[in-house]
Amino acid sequence: MTPTIPGFDLLRLPGADGAELAAAVGGSGSGSPVVLLHGFPQTHLMWRHVAERLAGEHTVICPDLRGYGASDKPVATGPEAYSKRTMAADVIALAAALGHERFALVGHDRGALVAFRAGLDHPETLTHLGILDVVPTLDMWNVLHGVPAAVGYHLFLMAQPPGLPETMIANSADAYFGSFLDAWAGDPAAVPAPVRAAYLRASAEAVPSIVADYRASAGIDVTHDQADRDAGSQLAMPVTVVQQDWGARLGYDAAAVWGAWAPDLDHRLTGAGHFMAEEAPDEITEAIRDLLLR
């Protein structure tokens with residue numbers, strides 16, 4: 001049986017371009033809405049601890065991104081299908097279907113890139129923006145240099161033209177996706193066996209769409225970010241970024257990278273591993289609560 005977030009309803013809601021997304025929805029019906037977007041190789045289940053903590057104060061919405069989990073997985077007939085712009089439009093449409101014209105948005109990993117794009121494309125909709133353990137796509141490619149960039153080998157693999165990456169990954173799906181759960185977790189016990197099995201099963205069933213998501217980040221997403229940088233666009237809402245000390249590892253100033261995009265920035269480093277919402281849920285919940293008070 002697939003684990004769920006206790007007390008949350010699993011709904012199917014309209015996204016953009018006719019896609020439907022699965023979303024766990026719960027919490028206080030009178031509380032301000034907070035949407036939580038998961039990362040790779042995960043589903044909305046990664047938010048189970050944080051969602052329960054926030055549910056007493058807020059309406060909490062945890063979707064599976066398009067191409068992941070129980071959400072639709074459209075065939076990538078063009079680069080727009082899995083651009084972060086399209087995936088951000090999914091989130092805006094999903095929240096609107098629940099009656100929320102304005103909401104706070106927090107994303108981890110791939111979900112953080114979607115959240116970043118939503119913040120630039122829909123500033124009138126987002127009240128607050130939370131980012132866990134990424135830098136924007138354009139900056140990500142700019143800071144990956146030399147041997148330390150090997151930590152991101154999967155970015156280069158899934159950037160290749162359609163065919164080979166999908167075949168290679170599908171032929172060793174559990175080993176491939178499981179390797180990230182092993183390598184990136186500061187506390188492996190934070191992803192217990194039933195949850196790990198759910199992540200591996202969902203990822204194995206979504207290889208083409210997951211690769212398409214990453215391929216977009218080596219193409220159209222860079223184009224969109226560069227256009228915003230050239231235009232001097234910035235995030236208009238309060239922003240909190242929580243991340244590991246990637247700047248020290250890869251030789252860049254992470255707070256300065258984010259400061260160029262976010263004038264109202266709270267940048268925090270964590271001692272937790274990449275899966276920080278599962279490894280350090282109290283810390284992440286506190287960061288979100290602090291963000292919502294700004």
Side-chain angles (χ1 to χ4, degrees), residues 1-74 82 86-101 103-112 114-115 118 125 130 132 173 177 181 190-210 213 275-278 281 284-285 288:
M1 177 179 251
T2 300
T4 60
I5 302 177
F8 278 57
D9 297 320
L10 192 59
L11 308 177
R12 289 196 67 81
L13 297 163
D17 301 335
E20 287 191 348
L21 274 64
V25 181
S28 169
S30 59
S32 60
V34 181
V35 179
L36 306 175
L37 304 180
H38 68 86
F40 163 92
Q42 298 163 291
T43 68
H44 74 273
L45 190 61
M46 64 151 281
W47 289 109
R48 60 197 179 279
H49 303 309
V50 173
E52 286 189 275
R53 285 162 169 76
L54 293 174
E57 311 145 32
H58 300 278
T59 299
V60 184
I61 305 159
C62 305
D64 286 338
L65 297 169
R66 95 161 37 199
Y68 290 79
S71 289
D72 283 356
K73 302 169 181 61
Y82 287 91
T86 298
M87 295 171 82
D90 281 337
V91 177
I92 302 301
L94 177 148
L98 291 170
H100 305 303
E101 298 301 325
F103 57 91
L105 182 60
V106 181
H108 172 255
D109 190 82
R110 307 306 293 172
V114 175
T125 302
L132 304 186
F177 295 114
L181 296 174
V191 184
V195 174
R196 180 187 177 93
Y199 291 160
L200 294 181
R201 181 168 58 252
S203 297
E205 293 172 351
V207 171
S209 52
I210 290 174
D213 166 32
F275 303 114
M276 56 191 66
E278 294 170 284
I284 299 307
T285 301
I288 294 171

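These values consider heavy atoms only, across backbone and side chains, with no hydrogens, waters or symmetry-generated copies.
Rounded to the nearest 0.5 Å, atoms CG (L21) and CG (D90) are 5.0 Å apart. Interatomic distance, L36 CG to I61 CD1, rounded to the nearest 0.5 Å: 9.0 Å.
Of all non-hydrogen atoms in V207 and F177, the two that sit nearest each other are CG2-CE1, 4.0 Å. Of all heavy-atom pairs between A22 and L10, the closest is CB-CD1, 4.5 Å. For W47 against C62, the heavy-atom pair with the smallest separation is CB-SG, 4.1 Å.
Without hydrogens or angle criteria, R66 side chain to T86 main chain gives no donor-acceptor distance under 3.5 Å. Judged purely by atom type and a 3.5 angstrom limit, T59 has no side-chain atom pairing as donor or acceptor with the backbone of G27. Using a distance-only test at 3.5 Å, with no hydrogens or angles considered, a donor-acceptor pair links the side chain of Y82 to the main chain of P74. Of the possible polar contacts, one joining the H58 side chain to the S32 backbone as a donor-acceptor pair under 3.5 Å is found. Side chain of S71 to main chain of D64: a donor-acceptor pair is present (N/O by atom type, distance under 3.5 Å, no hydrogens or angles).
With respect to V191, the side chain to side chain contact (heavy atoms under 4.5 Å, CB included) criterion is satisfied by exactly one of Q42, E278, M46: E278. Only one option out of M276, H49, R48 pairs with P281 in a side chain to side chain contact (heavy atoms under 4.5 Å, CB included); it is H49.
Note on D72 versus R12: salt bridge recorded, some NZ/NE/NH1/NH2 to OD/OE distance being below 4.0 Å.
The closest side-chain heavy-atom distance from L65 to L37 is below 4.5 Å.
Classification of the F275-H108 ring pair by plane angle, with boundaries at 30° and 60°, yields tilted.
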